[in-house]
Number of protein chains: 2
Amino acid sequence: MRKNIQKRQSGCPIAFGLDTFGDRWSLLIIREIMLRGHNTYSEFLAAEEKIATNILIDRLKHLEAENIIEKNRDPENRRSFIYTLSQKGRDLAPILLEIIIWSGAYDKRDFALRNVLEKINADRKGFEASLTSE
Amino acid sequence: MRKNIQKRQSGCPIAFGLDTFGDRWSLLIIREIMLRGHNTYSEFLAAEEKIATNILIDRLKHLEAENIIEKNRDPENRRSFIYTLSQKGRDLAPILLEIIIWSGAYDKRDFALRNVLEKINADRKGFEASLTSE
DNA sequence: ATTACACCTTGCAAAATGCAAGTTAATATT
DNA sequence: AATATTAACTTGCATTTTGCAAGGTGTAAT
């Protein structure tokens, strides 16, 4: 496991954001929860990008330590844990949406979340509210 | 130099964005150009986060290869190069702004771009237009 | 010709990531 | 009550990326 991600402490908000979720995997985990309704370790593992188990648990612990996600036992399946977004995590929605919009403009391939892009374009505020509210 | 950043090819716009600018440094270089008006190798090197020279040149080449920035000789100082954002690069502005907004909410320290955050809050569309237009 | 500046390259050490296999804890099955 | 299965991890080691320090190249000023 990584010791402790190197923080830049430059006092810049872009650097702060990158230090918090700016690695190769964190935003993909957040996407799983926010846009695909996935919320267990096994579901994250099954994501098409094939994250390694040690990296996954490391990022889940990190995001939990940063209060972006919360971990609780699944009351309906006591050997499973449910990861959910905190308000701080849900507030990342506009960042994800802007990335989707940008990629929608510049990635000419078909892609899985095209429907999400269409929903954003049709009613950004409404779609965002559906992600951001409790 | 890195051989060639490993692309995920998952067909997801979040993954596409991360493959393009989702490393520890690319968005900071874009911040230098977009928000601080810096546009030379030396200016990027002088940024407070202290990027290493090999990483800097690697990212500049990568961002140029992705058509996010353009490199040209400075007509007024022929031993210098000027890096500017392409339209594709300028279109990253909303993503940077959302990161700034999010960090503004959750980073309780004082930070350098607080003034930018205030401008965004006062007139997001106007501020964004000032970054995004030619 | 010498110096300085701006941009880069190179070699090596340190850290992060990726891969494969093994472990633990809760529940289901025989 | 033993055995198997599922879900969530852990560990060891190879590969890749990053970080650091030093050196090299092209342009221009003195």
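Only heavy atoms go into these numbers, but all of them, side chains included; no hydrogens, no water, no symmetry mates. This one's a predicted model, so the numbers in the text were calculated from it and none came from an experiment. Order of the sequence lines fixes the chain letters, A, B, ..., with proteins taken first and strands second; residue numbering starts at 1 for each chain.
Atoms CG (L60(A)) and P (dA7(D)) sit 16 Å apart, rounded to a whole Å. Between I55(B) atom CD1 and dA13(C) atom C1' the separation is 13 Å, expressed in whole Å. Rounded to an integer number of Å, the gap from CG of N54(A) to P of dT16(D) is 16 Å. Rounded to whole Å, the distance from OH on Y83(B) to P on dA6(C) is 14 Å. Between I69(B) atom CD1 and dC7(C) atom C1' there is a gap of 14 Å when expressed in whole angstrom units. dT10(C) atom C1' lies 14 Å from atom CG of D58(B), rounded to whole Å. Going from atom CZ of R59(B) over to atom C1' of dT18(D) covers 8 Å, rounded to whole Å.
Residue whose closest nucleotide on DNA chain C sits further toward the 5' end, between T53(A) and I57(B): I57(B).
Annotation: side chain to side chain contact (heavy atoms under 4.5 Å, CB included) contacts of E118(B) (sequence neighbours excluded): R114(B). For S86(B), the side chain to side chain contact (heavy atoms under 4.5 Å, CB included) criterion is met by E70(B), K88(B), not counting sequence neighbours. Every ring-ring contact (aromatic ring centres under 6.0 Å, His included) that Y106(A) has, sequence neighbours left out, goes to W102(A).
In this structure, the nucleotide among dG12(D), dC8(C), dT17(C) sitting nearest to the side chain of K61(B) is dC8(C). Among dC8(C), dT18(D), dA26(C), the nucleotide with an atom closest to any side-chain atom of D23(B) is dT18(D).
Looking at residues 74-81 of chain B, you'll see R78(B), R79(B) sit with a heavy atom under 4.0 Å from some atom of DNA chain D. Residues from residues 36-52 of chain B lying near DNA chain C, meaning a heavy-atom separation below 4.0 Å, are T40(B), Y41(B), S42(B) in numerical order.
In this structure, E66(A) does not pair ionically with K61(A), as no charged nitrogen and carboxylate oxygen lie closer than 4.0 Å. A salt bridge does not link E64(A) to R59(A): none of the charged nitrogens lies less than 4.0 Å from a carboxylate oxygen.
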Give the table of side-chain donor-acceptor pairs shorter than 3.5 Å for residues 74-81 of chain B, with sequence neighbours excluded, one pair per line with atom names and distance.
| residue | atom | partner | partner atom | Å |
| --- | --- | --- | --- | --- |
| D74(B) | OD1 | E76(B) | N | 2.8 |
| N77(B) | OD1 | R79(B) | N | 3.3 |

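Residue R73(B) has no polar side-chain atom (N or O) positioned under 4.0 Å from OP1 or OP2 of dC7(C). For the OP1/OP2 pair of dG19(D) and a distance below 4.0 Å, the side-chain nitrogens and oxygens of W25(B) include at least one atom meeting the criterion. Between dT17(D) and R24(A), no contact under 4.0 Å exists linking OP1 or OP2 to a side-chain N or O. For dA6(C), the OP1/OP2 oxygens have no side-chain nitrogen or oxygen of K71(B) closer than 4.0 Å.
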(request) Take E48(A) and R36(A) through the salt bridge (Lys or Arg N to Asp or Glu O under 4.0 Å) test and state the conclusion after the steps. (result) CA-CA 12 Å; E48(A) 54 197 341; R36(A) 301 214 216 264; 3.1 Å; yes

(request) Go through the steps for E98(A) and R124(A) under the test salt bridge (Lys or Arg N to Asp or Glu O under 4.0 Å), then give the verdict. (result) CA-CA 10 Å; E98(A) 292 297 350; R124(A) 155 128 196 186; 2.6 Å; yes

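Atom NZ of K125(B) sits in a sparse spot, with 12 or fewer heavy atoms from other residues, nucleotides or ligands closer than 6.0 Å.
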